Amino acid sequence: MTSLPLVFEAPKRALPPRHLADLDPAERRAAVGELGLPGFRADQLSRHYFGRLTADVDTMSDLPAAAREAVRTLLPPLVVPVLEQSCDDGTTRKTLWKGHDGTRAESVLMGYPDRATVCVSSQAGCGMACPFCATGQGGLERNLSTAEIVEQVRMAAAAARDGALGAPTRLSNVVFMGMGEPLANYKRVVAAVRRITEPAPDGLGISARGVTVSTVGLVPAIDRLTAEGLPVTLAVSLHTPDDELRDTLVPVNNRWKVAEVLAAARRYAQATGRRVSIEYALIRDVNDHAWRADLLGSLLRQQIGAKRVHVNLIPLNPTPGSKWDASPRPVQDEFVRRVQAAGVACTVRDTRGREIAAACGQLAASQA
Ligand code: SAH
């Protein structure tokens with residue numbers, strides 16, 4: 001297919017300087033070697049960064065002064081918070097941050113009674129152009145580096161530990177549902193997942209079961225992820241079960257159709273044993289019809305298997321300039337009932353962060 005522009009290619013903007021979190025353990029040892037330090041300094045540094053969650057070289061008192069100065073170059077400040085906003089009684093916190101080149105992106109930390117989740121960005125902007133999503137309206141600025149992604153998680157984990165959500169909390173979940181299409185920045189996202197899930201001091205030690213990668217449905221990249229053997233949860237932003245409407249709601253559907261996306265999701269579920277999550281933003285009079293709920297339920301049951309899939313309905317969040325809004329409650333309830341009647345699990349996601357434009361599809365990195 002040639003008619004679709006190369007929306008998967010990020011503009012060639014310079015990625016940030018090398019950072020410890022870009023490197024795997026062997027590369028870290030090599031990097032400290034280049035600085036003239038013995039390999040074990042890399043392990044000390046990793047214990048501070050991934051274990052103590054600090055990038056402040058001055059607190060690394062087990063490093064001699066000269067070594068401290070040397071390792072500073074491996075910890076350039078890549079993600080500098082410029083605005084923090086909170087709502088939902090302080091349990092939702094959005095951070096707008098700036099990269100080394102002035103690039104802006106956002107992360108959202110959310111506390112729940114039983115867990116704490118950070119929603120991270122994988123790109124500055126997004127090239128997927130879904131018309132109901134604020135991020136999609138601005139286009140793609142650039143990919144984020146592995147370290148820029150890991151830094152969002154490290155800072156969120158440190159904030160949660162230090163009581164940002166109330167009582168000190170351990171960050172348990174990471175969802176790639178912020179700005180960007182994670183599978184369009186494949187290598188850096190997968191490297192970030194490894195840093196996030198490897199036990200300390202190699203990584204942050206967050207269980208892969210607590211990590212979710214969400215995609216519009218880039219089929220070859222889903223298959224690549226299947227082959228990685230990382231047991232993360234895959235979420236697919238489907239939004240409608242029919243190609244005709246999906247071609248407009250999720251433009252990449254012009255390249256990979258619903259049936260191909262669901263087949264890739266099935267392969268993922270079979271290979272990993274993990275339930276696939278189907279994201280569905282419910283839009284009034286656009287995709288909330290009873291027949292679509294029935295078609296969704298039967299397609300998922302047949303194509304993926306009722307036990308291997310879970311539908312996550314997202315009441316549409318308002319975005320600037322959009323004429324669409326959420327479905328009325330009775331329509332939403334009926335939609336849930338019909339999907340469940342097909343034997344497929346279906347729940348409605350809570351709409352955290354709406355007042356601070358931190359909810360699904362509202363991230364636009366604007367400085368209000
Ligand atoms: N690009 C990836 C990662 C972003 S996840 C993906 O699309 O899956 C963000 C989720 O919020 C996606 O499921 C997206 O479709 C959904 N979303 C976007 N705009 C929304 C809106 N206005 N209201 C509710 N959900 C929205």
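Indexing begins at 1, ligand by ligand and atom by atom, following the structure's order. Model, not experiment: these values are computed from the prediction.
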_Side-chain ion pair, E260 and K257, N-O less than 4.0 Å_ = no

*Among protein heavy atoms, which sits nearest to atom 9 (C) of ligand 1, and what does the distance come to when rounded to 0.1 Å?*
M177 O, 3.6 Å

*Nearest to atom 4 (C) of ligand 1, what protein heavy atom do you find, and at what distance?*
G178 O, 3.7 Å

*asked:* Regarding ligand 1, does S214 bring an N or O atom to under 3.5 Å of one of the ligand's N or O atoms?
replied: yes

*Is the closest N or O pair between I314 and ligand 1 shorter than 3.5 Å?*
no

*Are V80 and Y49 connected in the hydrophobic side-chain network, where two residues link if heavy atoms are under 4.5 Å apart?*
no

*asked:* What protein heavy atom lies closest to atom 23 (N) of ligand 1? Include the residue and the distance to one decimal.
replied: N317 N, 2.9 Å

*Classify the ring geometry between F132 and H239 as parallel (under 30°), tilted (30 to 60°) or perpendicular (over 60°).*
perpendicular

_atom 6 (C) of ligand 1 - nearest protein heavy atom and its distance_ = S237 OG, 3.3 Å

_Using a 4.0 Å cutoff against the non-hydrogen atoms of T215, which atoms of ligand 1 qualify?_
6 (C), 8 (O)

*When you measure from atom 15 (O) of ligand 1 to every protein heavy atom, which one gives the shortest distance, and what is it?*
H239 NE2, 2.5 Å

*For the pair D43 and R28, find out whether any cationic side-chain nitrogen is under 4.0 Å from an anionic carboxylate oxygen.*
no

*With side chain to side chain donor-acceptor pair (under 3.5 Å) as the test, would you mind laying out the steps for E181 and Y186 before giving the verdict?*
CA-CA 9 Å; E181 166 52 42; Y186 186 88; over 6 Å; no

*For E279, is at least one N or O under 3.5 Å away from an N or O on ligand 1?*
no

_Short N or O distance, G180 and ligand 1, threshold 3.5 Å exclusive_ = yes

*Taking the six-membered ring of Y268 (Phe, Tyr or Trp), confirm whether the NZ or CZ of R308 is under 6.0 Å from its centre and within 45° of its axis.*
no

*At what distance is the nearest protein heavy atom to atom 26 (C) of ligand 1, and which residue and atom is it?*
C360 O, 3.6 Å

*Side chain, backbone, both or neither: which part of L316 has a heavy atom under 4.0 Å from ligand 1?*
both

